[in-house]
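Take a look at the structure below.
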Amino acid sequence: MALSDELAWKSAAEIALMIRRKALSPVEVLEATIARIEKRNPSITALVYYGFDDARAAARKAEKALMGGDPIGPLHGVPSAIKDLFDFKPGWPATFGGLPSQKNHVVDGYCGYSERIEKAGAVLLGKTNSPVMGFRGCCDNLLFGPTGTPFDTSRNSGGSSGGSAAAVGDGMLSFAEGTDGGGSIRIPSSWSGVYGYKPAYGRVPQLSRPNAFGGHAPFLFEGPIARTVEDAALVMTAIGGYDSRDAFCLDETVDYLGALRRSIRGWKIAYAPVWDVFPVEAAVRETVDKAVRAFEEAGAIVEEVKLGIERPQGELADLWCRMIMPLNLAAFDLLKENGLDLLGDHADEFPPEYLEWVEVGRRMSAVDFYRDQEIRTEVFDAIRSTLDRYDLIVGPTLCCLPVKNAAERGRTKGPTEINGEAVNPLIGWCPTYLINYTGNPAATVPAGLAGGLPVGMQIVGRRYADSDVLAASAAFERLRPWMGTYAKVESRPL
């Protein structure tokens with residue numbers, strides 16, 4: 001068996017251990033990873049930039065450090081990738097989610113994830129696909145086209161971290177970066193059949209400048225996309241922790257790996273099968289109904305609940321679209337000040353739905369913005385009050401199965417209706433954004449396959465209880481292991 005195939009389904013923890021024991025070198029691992037990417041990536045368009053020359057230099061450096069007995073990090077020599085959105089590594093292009101005019105636009109700086117993951121020893125080898133400005137739950141754009149889920153390449157991987165999730169789900173990488181402003185870690189992880197972890201707000205520092213306060217309306221996150229809960233915990237160990245450059249960063253230590261050994265026996269778990277107000281496809285509901293029983297097998301008490309969300313889901317989805325706009329508009333203004341007028345010179349590269357929300361954002365007043373925070377507070381109180389009575393909330397990550405990719409580049413959207421009820425095709429079928437209103441830690445675990453397509457189950461913990469979410473995720477993984485589902489992926493025609 002070729003090394004590229006042998007390593008494909010190994011975890012980051014396993015690969016790191018093999019490197020640490022010198023059973024494999026960082027260079028060997030990287031070359032095997034590159035070989036698999038070159039073979040499989042064209043069929044799903046997960047990676048959109050190959051930084052292989054930089055990665056080879058980093059792997060050689062990692063090998064020299066290993067052989068020289070230098071101190072090494074927990075992810076030493078393990079290949080990974082970052083997202084092509086607002087995620088940077090010096091000298092690499094940043095297209096803001098596939099804007100054709102920005103194909104050669106370079107940002108000579110690091111995002112927080114890149115900085116910390118390289119410090120932990122990981123080798124970054126490229127960037128992954130994303131929709132324009134991350135403003136939809138599907139992964140598609142004019143420059144690179146759609147990313148397919150590894151389970152059916154004609155269907156979408158989910159967004160906005162769609163390329164990262166697809167690369168992990170296809171065995172090209174053991175883990176990759178996700179960012180999450182409305183579900184962008186959990187949405188594609190659900191549709192790509194992998195594990196996505198969104199930490200509590202403040203766990204992972206954000207180094208956004210010039211506005212260090214821009215990531216809280218709604219809450220924005222960075223976190224891992226992986227195939228195992230252990231790998232997500234390992235990555236969190238590397239990227240989490242205090243940084244004085246982040247105005248909201250938490251100054252405390254979490255034992256992410258230790259959380260995996262905790263029992264959930266006796267825990268009370270609230271099951272929200274439709275998150276009160278969302279239409280959910282029958283196949284998704286049935287899959288999650290079965291999956292949630294695993295928690296009872298682990299000794300927890302599961303009760304179906306109403307969270308107390310009363311506002312229609314259409315209003316809540318529109319709220320998210322409004323709330324994210326001020327940050328977007330500020331970014332455009334900053335780029336314009338630096339000679340790049342994206343909305344003026346390249347408006348035709350943006351989806352029409354996005355431009356419509358741009359106009360809504362321009363008409364908003366400061367009072368409008370704060371009135372929207374009152375609606376957000378309703379969701380916060382519903383989630384908070386439920387978690388005052390329960391240890392966790394679980395429910396479907398998404399309301400539907402992966403949608404077909406559009407024939408025209410950049411046009412893939414979610415459904416316009418589910419069960420006869422209208423939904424916002426950008427994000428209205430994604431209950432994930434509720435937790436971006438609140439800041440709680442949340443994860444999506446692979447709940448099973450429905451018609452051969454992956455379904456995710458979202459696990460939400462109390463405000464700073466990351467260890468609870470990881471403990472429950474690990475308990476579920478032990479009782480309902482999902483590694484067997486990747487046989488379908490491995491056997492798909494290229």
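Worth knowing before you read on, the calculation uses all heavy atoms, side chains too, and leaves out hydrogens, waters and symmetry mates.
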**Asked** In chain order, what residues pass the salt bridge (Lys or Arg N to Asp or Glu O under 4.0 Å) check against Arg478, with sequence neighbours excluded?
**Response**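 Partners of Arg478 under the salt bridge (Lys or Arg N to Asp or Glu O under 4.0 Å) test: none.
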| message | Let's go through Thr444 and Ile185 carefully: what are the C-alpha distance in whole Å and the side-chain angles of both, what is the deciding distance for side-chain contact (heavy atoms from CB on, under 4.5 Å) to 0.1 Å, and is it a yes or a no? | response | CA-CA 9 Å; Thr444 180; Ile185 290 171; 6.0 Å; no
Name of the residue among Asp468, Val445, Leu470 meeting side-chain contact (heavy atoms from CB on, under 4.5 Å) with Ile459 |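 Result: among Asp468, Val445, Leu470, Val445 is the only option passing the side-chain contact (heavy atoms from CB on, under 4.5 Å) with Ile459.
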- Quickly, which of Pro402, Pro146, Ser192 forms a side-chain contact (heavy atoms from CB on, under 4.5 Å) with Ser157? Name it, please.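 Filter result, single survivor: Ser192.
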Are any of the side-chain heavy atoms of [X] and [Y] separated by less than 4.5 Å?
{"X": "Gln313", "Y": "Pro279", "result": "yes"}
{"X": "Pro351", "Y": "Val132", "result": "yes"}
{"X": "Thr438", "Y": "Arg384", "result": "no"}
{"X": "Ile264", "Y": "Leu392", "result": "no"}
{"X": "Leu398", "Y": "Val284", "result": "no"}
{"X": "Tyr113", "Y": "Phe88", "result": "no"}
{"X": "Val280", "Y": "Ile418", "result": "no"}
{"X": "Pro454", "Y": "Pro446", "result": "no"}

For a quick test of reading the model, state the closest non-hydrogen atom pair linking [X] to [Y] and the distance between them.
{"X": "Ile309", "Y": "Val277", "result": "O-CG1, 3.6 Å"}
{"X": "Asn424", "Y": "Cys321", "result": "ND2-SG, 3.7 Å"}
{"X": "Pro188", "Y": "Gly159", "result": "CD-O, 3.2 Å"}
{"X": "Ile225", "Y": "Ser164", "result": "CD1-CB, 4.1 Å"}
{"X": "Trp9", "Y": "Met483", "result": "O-CE, 3.7 Å"}
{"X": "Trp275", "Y": "Pro396", "result": "NE1-O, 2.9 Å"}

Electrostatic pair [X]:[Y] at N-O distance under 4.0 angstrom:
{"X": "Arg322", "Y": "Asp318", "value": "no"}
{"X": "Asp372", "Y": "Arg376", "value": "no"}
{"X": "Lys83", "Y": "Glu222", "value": "no"}

Distance in Å, [X] [atom1] paired with [Y] [atom2], rounded so as to fall on 0.5 Å steps:
{"X": "Leu319", "Y": "Glu378", "atom1": "CG", "atom2": "CD", "answer": "9.5 Å"}
{"X": "Gln206", "Y": "Leu220", "atom1": "CD", "atom2": "CG", "answer": "5.5 Å"}
{"X": "Ile117", "Y": "Ile239", "atom1": "CD1", "atom2": "CD1", "answer": "6.0 Å"}
{"X": "Lys488", "Y": "Leu453", "atom1": "NZ", "atom2": "CG", "answer": "7.0 Å"}
{"X": "Phe332", "Y": "Phe350", "atom1": "CZ", "atom2": "CZ", "answer": "4.0 Å"}
{"X": "Asp391", "Y": "Ile269", "atom1": "CG", "atom2": "CD1", "answer": "7.5 Å"}

Kindly assign one of parallel, tilted or perpendicular to the pair [X] and [Y], based on the angle between their ring planes and the thresholds 30° and 60°.
{"X": "Phe221", "Y": "Tyr201", "result": "perpendicular"}
{"X": "Phe135", "Y": "Tyr354", "result": "perpendicular"}
{"X": "Phe295", "Y": "Phe476", "result": "tilted"}

Does [X] use its side chain to pair, donor to acceptor, with the backbone of [Y] at less than 3.5 Å?
{"X": "Asn436", "Y": "Phe219", "answer": "yes"}
{"X": "Ser160", "Y": "Ser130", "answer": "no"}
{"X": "Lys127", "Y": "Pro93", "answer": "yes"}
{"X": "Trp191", "Y": "Cys400", "answer": "yes"}
{"X": "Asn156", "Y": "Cys139", "answer": "yes"}
{"X": "Asp466", "Y": "Pro199", "answer": "no"}
{"X": "Ser189", "Y": "Val194", "answer": "no"}
{"X": "Ser161", "Y": "Gly178", "answer": "no"}
{"X": "Thr412", "Y": "Asn405", "answer": "no"}
{"X": "Asn141", "Y": "Leu143", "answer": "yes"}

If we count only N and O atoms by modelled type, under 3.5 Å, do the side chains of [X] and [Y] hold a donor and an acceptor together?
{"X": "Asp84", "Y": "Thr95", "value": "yes"}
{"X": "Gln102", "Y": "Glu349", "value": "no"}
{"X": "Tyr195", "Y": "Glu477", "value": "no"}
{"X": "Ser154", "Y": "Lys404", "value": "yes"}
{"X": "Thr149", "Y": "Asp152", "value": "no"}

task: Please list all pairs passing the salt bridge (charged side-chain N to carboxylate O under 4.0 Å, His left out) test where one or both residues lie in residues 135-145, with sequence neighbours left out.
output: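 Output for this query lists Arg136-Glu353.
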Stepwise side-chain hydrogen bond (donor to acceptor under 3.5 Å, both in side chains) test for Ser365 and Asp368:
CA-CA 5 Å; Ser365 69; Asp368 292 332; 3.1 Å; yes
**OP:** Quick one: which residue pairs count as a side-chain hydrogen bond (donor to acceptor under 3.5 Å, both in side chains) with a foot in residues 165-177, not counting sequence neighbours?
**Re:**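 Only Arg40-Asp170, Asp170-Arg492 qualify under side-chain hydrogen bond (donor to acceptor under 3.5 Å, both in side chains).
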Which is it for Phe96 and Leu342 under the side-chain contact (heavy atoms from CB on, under 4.5 Å) test, yes or no, and what are the steps along the way?
CA-CA 11 Å; Phe96 305 121; Leu342 289 178; 4.2 Å; yes
*Just do the side-chain contact (heavy atoms from CB on, under 4.5 Å) check on Val360 and Met325 with the steps written out, would you?*
CA-CA 8 Å; Val360 171; Met325 263 305 135; 5.9 Å; no
Can you list the steps and then say if Glu281 with Trp429 is a side-chain contact (heavy atoms from CB on, under 4.5 Å)? CA-CA 10 Å; Glu281 286 181 356; Trp429 40 278; over 6 Å; no
Apply salt bridge (charged side-chain N to carboxylate O under 4.0 Å, His left out) to Glu490 and Arg36, showing your working.
CA-CA 11 Å; Glu490 185 65 27; Arg36 185 168 175 93; 2.8 Å; yes
Pair Lys336-Asp333, salt bridge (charged side-chain N to carboxylate O under 4.0 Å, His left out): steps then yes or no:
CA-CA 5 Å; Lys336 188 175 180 179; Asp333 285 347; over 6 Å; no
